Number of protein chains: 2
Amino acid sequence: MATGRTHRPATRSRGIPEATVARLPLYLRALTALSERSVPTVSSEELATAAGVNSAKLRKDFSYLGSYGTRGVGYDVEYLVYQISRELGLTQDWPVAIVGIGNLGAALANYGGFASRGFRVAALIDADPAMAGTPVAGIAVQHTDDLDRIISDNGVSIGVITTPPGAAQQVCDRLVAAGVTSILNFAPTVLSVPEGVDVRKVDLSIELQILAFHEQRKAGEDSAAEDEGAPPMRATPASRKGPDGDMPAVMPA
Amino acid sequence: MATGRTHRPATRSRGIPEATVARLPLYLRALTALSERSVPTVSSEELATAAGVNSAKLRKDFSYLGSYGTRGVGYDVEYLVYQISRELGLTQDWPVAIVGIGNLGAALANYGGFASRGFRVAALIDADPAMAGTPVAGIAVQHTDDLDRIISDNGVSIGVITTPPGAAQQVCDRLVAAGVTSILNFAPTVLSVPEGVDVRKVDLSIELQILAFHEQRKAGEDSAAEDEGAPPMRATPASRKGPDGDMPAVMPA
DNA sequence: ATGTCTTTGTGAACGCGTGCACAAAGATAG
DNA sequence: CTATCTTTGTGCACGCGTTCACAAAGACAT
């Protein structure tokens, strides 16, 4: 089997934009809610509102999947739920392993949003020997030493890293070596992985920093001249720089 | 363009691209690490590698902040740390309130990454009366009834929502009414907020679904002939009622 | 069957973000 | 002071994503 690609509709699955893929779960959630209320069909306008996006964008997104709508009517909710689920690969079971069972790791293990979408927490792994055997969310924590075997035995291809930053890369390497090809990283670390392995990162403090930026902008709209109280910042070890100063020099003063 | 003024910290927050803002925390983290190792200067190439981005992108990002580098040498680490911190608004203290103290809320309250960057958990709020007074991460949980006063008293402008999806919008409305203008939402809900309020969402299950999509693609590259097994069938009498709901999210309320 | 009305699907224009490639700036050596 | 070498700052081109606007498709009524 070479680079076989002749049997795929080509129009589909071939080129779904990344931005679209990122929105599919959003649509799926909105559609699931409609489904539970037994709503048979929905227009792009309604669904877009429910998902918090533009209707034109939604239609274009769906167009990448195929022509699943009916002009003059809208989209069949159940049908679309199935199509999107299939496209996202949610019709199959995905065993997931969480490495690093601290506060966050334990919270994720208990998180209902995972199990409800075809993701099954297959294993919890931690480096602390004292935790081995301790049940978290009904699952016994296992020790890092057995990581390789645990991943293999459970056929895990998606790993979640919730370790301290210092251990993240090492854990990542071991996960990859064991066969994991998708990683969700919560540790504030830049992971380097070989070709073919996907990494998505969720960084809580970065999100807050982005909010702080906008918050500062909103607040400092008028009082843009009072954040001057902070020291320009130390002169640092200023290695090879003479008194000439390569320092602040600027500082809005 | 920049008519070569070079004195004012460049175009203030006016024209910093959103994509750049999102990367500044990344640079800051890498720079902080260098600073702790007392590295005086760093080139765009080195820093880019450490931050996991392209060096041209990094230089362009920094150019939006101003001309803080020295040609032939690189960037002064300490100076850059200060400039980015200031730009992000991290030179001031940001009191944060977390609403919804379930597993995830508690984990965030304990998360060290917040405090280390100028973010201070000023209040923990939950709707469960039984939790009122209970200390979490050294802070007593307060009841939702006092939300308004708590936000005002602490001057909170950034709120974190970790409630079940059903309560998210209501909590959001109350936070906004109380004066919060930035929200970090962990609930799998589309929040609608008035103009001027920023919302960033962190959706754990969406991240996994995106990974699953790519995972499926990688795995199904050759075996693309078994997706015919499940009958999609249109216009269904709503027979599927499974566990597909996304009700249990963070914690029962 | 024909006409009207609704809603999809998409061509095309636009804007943002990315990366290349290079001239300008400054350090450093002679 | 001049030459050389390093690294920044950025003009430019390209590609992706978003949005508009509308023709085509189909439902529904007459």
Side-chain angles (χ1 to χ4, degrees), chain A residues 9 11-12 14-24 26-27 31 39-77 79-80 83 210 238-242 244-247 249-250, chain B residues 1-7 9-11 14-24 26-27 31 39-77 79-80 83 210 234-235:
Chain A
T11 7
R12 219 177 51 195
R14 185 58 185 169
I16 299 185
E18 195 55 34
T20 294
V21 172
R23 280 188 294 269
L24 290 182
L26 222 52
Y27 302 144
L31 285 166
V39 176
T41 62
V42 63
S43 71
S44 64
E45 199 68 51
E46 297 170 308
L47 186 54
T49 301
V53 303
N54 180 297
S55 71
K57 192 186 298 185
L58 178 143
R59 287 198 299 277
K60 178 144 291 192
D61 282 342
F62 285 175
S63 77
Y64 292 117
L65 307 182
S67 289
Y68 295 152
T70 303
R71 301 181 187 222
V73 177
Y75 299 91
D76 182 280
V77 174
Y79 186 56
L80 206 45
Q83 288 300 341
I210 294 172
S239 55
R240 40 213 276 76
K241 246 51 266 213
D244 217 25
D246 57 319
M247 293 296 79
V250 187
Chain B
M1 289 296 114
T3 55
R5 89 287 310 313
T6 332
H7 217 10
T11 9
R14 182 88 65 201
I16 298 184
E18 195 55 34
T20 294
V21 173
R23 279 188 294 268
L24 290 182
L26 222 53
Y27 302 143
L31 284 166
V39 177
T41 62
V42 63
S43 71
S44 64
E45 199 68 51
E46 296 170 308
L47 186 54
T49 301
V53 303
N54 180 296
S55 71
K57 191 186 298 183
L58 178 143
R59 287 198 299 275
K60 180 148 293 188
D61 282 342
F62 285 175
S63 77
Y64 292 117
L65 307 182
S67 289
Y68 294 151
T70 302
R71 301 182 188 222
V73 176
Y75 300 91
D76 182 279
V77 173
Y79 184 55
L80 206 44
Q83 289 300 341
I210 294 172
R234 270 181 116 115

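In what follows, every chain begins at residue 1, and chains take the letters A, B, ... in the order their sequences are listed. The structure displayed is predicted, hence computed values, not measured ones.
- Separation of the B/F62 and B/Y75 ring centroids falls under the 6.0 Å cut-off.
- Side-chain contact annotation: A/S43 with A/E46, donor-acceptor N/O pair under 3.5 Å present.
- Checking C/dT18, C/dG17, D/dT18 against every side-chain atom of B/R23, the shortest atom distance belongs to C/dT18.
- A/L58 has its CG atom 14 Å from the P atom of C/dT10, to the nearest Å.
- Regarding B/N54, its CG atom lies at a distance of 17 Å from the P atom of D/dT10, rounded to whole Å.
- Donor-acceptor pairing under 3.5 Å, judged by distance alone, is present between the side chain of A/K60 and the base of D/dT19.
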Listed pairs, N/O of protein and of nucleotides 5-8 of chain D, under 3.5 Å:
residue: D/dT7; atom: O4'; partner: B/G72; partner atom: N; Å: 3.0
residue: D/dT8; atom: OP1; partner: B/S44; partner atom: N; Å: 2.5
residue: D/dT8; atom: OP2; partner: B/S44; partner atom: OG; Å: 2.6
residue: D/dT8; atom: O2; partner: B/R71; partner atom: NH1; Å: 2.9

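- Using modelled atom types, one finds no donor on one side chain facing an acceptor on the other under 3.5 Å when comparing B/D76 with B/T41.
- As rounded to whole Å, 16 Å separates atom C1' of C/dT18 from atom CD of A/E18.
- One can place CG of B/D61 at 12 Å from P of D/dG9, the figure rounded to the nearest angstrom.
- Taken to the nearest 0.5 Å, the CG atom of B/L65 stands 7.5 Å off from the CG atom of B/L80.
- Side-chain contact between A/E18 and B/I210: present, with at least one pair of heavy atoms (C-beta onward) separated by less than 4.5 Å.
- Atom P of nucleotide D/dG17 and atom NZ of A/K57 are separated by 11 Å, given to the nearest angstrom.
- Note that the CG atom of B/L47 and the OH atom of B/Y27 stand 8.0 Å from one another [nearest 0.5 Å].
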